[in-house]
Amino acid sequence: MIRSELIQKIADENPHLTQRHVERIVNTVFEEIIEALAKGDRVELRGFGAFSVKSRDARLGRNPRTGEAVKVEDKKVPFFKTGKLLRDRLNGKV
Amino acid sequence: MSETTLTRMDLSEAVFREVGLSRNESALLVESVLQHISDALASGETVKISSFGTFSVRDKSARVGRNPKTGDEVPISPRRVLTFRPSHLMKDRVAAGSRK
């Protein structure tokens with residue numbers, strides 16, 4: 001499923017909303033999550049999962065082609081942990 | 001910078017602010033987004049949200065695990081797990097946002 005299919009499904013269920021409205025709703029949800037993570041905040045959606053930011057230490061990497069050592073700075077990366085309910089659903093337990 | 005945790009309520013509030021539906025309907029729509037993603041994943045589908053990221057379901061085979069406290073061997077049955085791969089845009093914004 002891709003973004004446009006998700007929008008279509010929600011539009012079909014909500015005939016009183018315009019397609020453009022549904023697009024804005026769906027986009028707002030994803031945008032809000034990215035903004036929170038960019039600020040270093042967590043987003044916890046019970047039953048679905050939690051988005052958070054993890055720190056990666058600086059390290060000495062290697063250019064795989066030349067074998068040359070390169071410094072990789074410390075950085076923040078987004079992380080998602082699946083919620084219990086969704087994990088159970090994936091395994092047919094719910 | 002103190003870390004805050006956003007919940008469904010904050011997402012609904014954002015939809016309420018941005019789109020101007022009632023608070024109640026905003027909350028229902030946020031839930032609907034999560035529900036549709038969950039349904040697709042539960043049926044084994046990959047969910048690809050451009051400029052956000054990709055959720056995919058992977059099959060893990062059975063293996064022998066160990067209770068780290070007691071050292072006892074415990075069988076781990078085959079299971080399906082969800083992985084999320086953030087988009088480049090999300091990675092860049094998270095990396096840039098926290099470098100202040």
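Just so you know, these numbers come straight off a predicted model, no measurement behind them. Each chain gets a letter, A, B and so on, in the order its sequence line appears, and its residues count up from 1.
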Greatest number of non-hydrogen atom pairs under 4.5 angstrom with chain B, of A/Ile33, A/Val22, A/Asn14, falls to A/Ile33

Per-residue tally against chain B (heavy atom, under 4.5 Å) across A/Arg24, A/His21, A/Glu5, A/Glu35 peaks at A/Arg24

Answer with yes or no whether the hydrophobic clustering places [X] together with [Y]; edges join I, L, V, M, F, W, Y residues whose side-chain heavy atoms lie under 4.5 Å apart.
{"X": "A/Phe79", "Y": "A/Leu37", "value": "no"}
{"X": "B/Leu28", "Y": "B/Val33", "value": "no"}
{"X": "B/Phe16", "Y": "A/Val43", "value": "no"}

Is chain A contacted by the side chain of [X], its backbone, both, or neither, given a heavy-atom distance below 4.5 Å?
{"X": "B/Ile37", "answer": "both"}
{"X": "B/Ala14", "answer": "both"}
{"X": "B/Asp39", "answer": "both"}
{"X": "B/Glu18", "answer": "both"}
{"X": "B/Thr83", "answer": "neither"}
{"X": "B/Thr46", "answer": "backbone"}
{"X": "B/Val57", "answer": "side chain"}
{"X": "B/Arg85", "answer": "neither"}

Correct closest heavy-atom pair for A/Leu90 and B/Val81 would be CD1-C, 4.1 Å

Checking the side chain of [X] only, and the main-chain atoms of [Y] only, is there a donor and an acceptor separated by less than 3.5 Å?
{"X": "B/Arg8", "Y": "A/Arg46", "result": "yes"}
{"X": "A/Asn91", "Y": "B/Arg80", "result": "yes"}
{"X": "A/Arg89", "Y": "B/Ala42", "result": "no"}

Part of [X] within contact of chain B (heavy atom distance under 4.5 Å):
{"X": "A/Asn27", "answer": "neither"}
{"X": "A/Glu13", "answer": "side chain"}
{"X": "A/Val77", "answer": "backbone"}
{"X": "A/Leu17", "answer": "side chain"}
{"X": "A/Ile2", "answer": "both"}
{"X": "A/Phe51", "answer": "side chain"}
{"X": "A/Leu86", "answer": "side chain"}

Is there a ring pair (Phe, Tyr, Trp, His ring centres under 6.0 Å) between A/Phe80 and B/Phe55? Walk through the geometry before answering.
CA-CA 10 Å; A/Phe80 176 75; B/Phe55 297 92; 5.4 Å; yes

Roughly how far, to the nearest 0.5 Å, is [atom2] of [Y] from [atom1] of [X]?
{"X": "B/Arg79", "Y": "A/Lys93", "atom1": "CZ", "atom2": "NZ", "value": "9.5 Å"}
{"X": "B/Asp10", "Y": "A/Glu32", "atom1": "CG", "atom2": "CD", "value": "7.5 Å"}
{"X": "B/Arg93", "Y": "A/Lys39", "atom1": "CZ", "atom2": "NZ", "value": "11.0 Å"}
{"X": "A/Thr82", "Y": "B/Leu41", "atom1": "OG1", "atom2": "CG", "value": "8.5 Å"}
{"X": "B/Asp92", "Y": "A/Lys75", "atom1": "CG", "atom2": "NZ", "value": "10.0 Å"}
{"X": "A/Leu45", "Y": "B/Glu31", "atom1": "CG", "atom2": "CD", "value": "9.0 Å"}

Is it true that, when you exclude B/Lys48 itself, more than 12 heavy atoms of the residues, nucleotides or ligands shown sit nearer than 6.0 Å to its NZ?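 Counting other residues, nucleotides and ligands, NZ of B/Lys48 stays at 12 neighbours or fewer.
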
>> Show, in sequence, the C-alpha distance, side-chain angles and deciding distance for A/Glu44 and B/Leu6, and conclude whether the side chain to side chain contact (heavy atoms under 4.5 Å, CB included) test is met.
In response: CA-CA 6 Å; A/Glu44 202 173 298; B/Leu6 275 72; over 6 Å; no

Worksheet item: Between A/His16 and B/Glu25, does a side chain to side chain contact (heavy atoms under 4.5 Å, CB included) hold up when you go through it step by step?
Response: CA-CA 12 Å; A/His16 62 295; B/Glu25 194 172 12; 2.5 Å; yes

Open item on the list: With heavy-atom distances below 4.5 Å as the criterion, would you say the side chains of B/His36 and A/Ile10 are in contact?
Closed with: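 Yes, side chains in contact.
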
Are A/Ile34 and B/Leu89 side-chain neighbours, meaning at least one heavy-atom pair lies under 4.5 Å?
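When only atoms from C-beta onward are counted, B/Leu89 and A/Ile34 do touch, with a gap below 4.5 Å.
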
Practice task
Could you please spell out the steps behind the side chain to side chain contact (heavy atoms under 4.5 Å, CB included) verdict for B/Leu21 and A/Ile25?
Solution key: CA-CA 10 Å; B/Leu21 301 170; A/Ile25 292 159; 3.6 Å; yes

Between chain A and each of [options], count heavy-atom pairs under 4.5 Å; write down the option with the most.
{"options": "B/Ser51, B/Ser38, B/Gly20, B/Ala40", "answer": "B/Ser38"}
{"options": "B/Ser32, B/Gly53, B/Ser12, B/Gly44", "answer": "B/Ser32"}
{"options": "B/Thr7, B/Leu29, B/Leu11, B/Val19", "answer": "B/Val19"}

Item to complete: Carefully, step by step, assess B/Thr5 and A/Asp41 under the rule side chain to side chain contact (heavy atoms under 4.5 Å, CB included).
Response: CA-CA 6 Å; B/Thr5 300; A/Asp41 291 342; over 6 Å; no

Can you label the angle between the A/Phe30 ring and the B/Phe52 ring as parallel, tilted or perpendicular, going by 30° and 60°? tilted

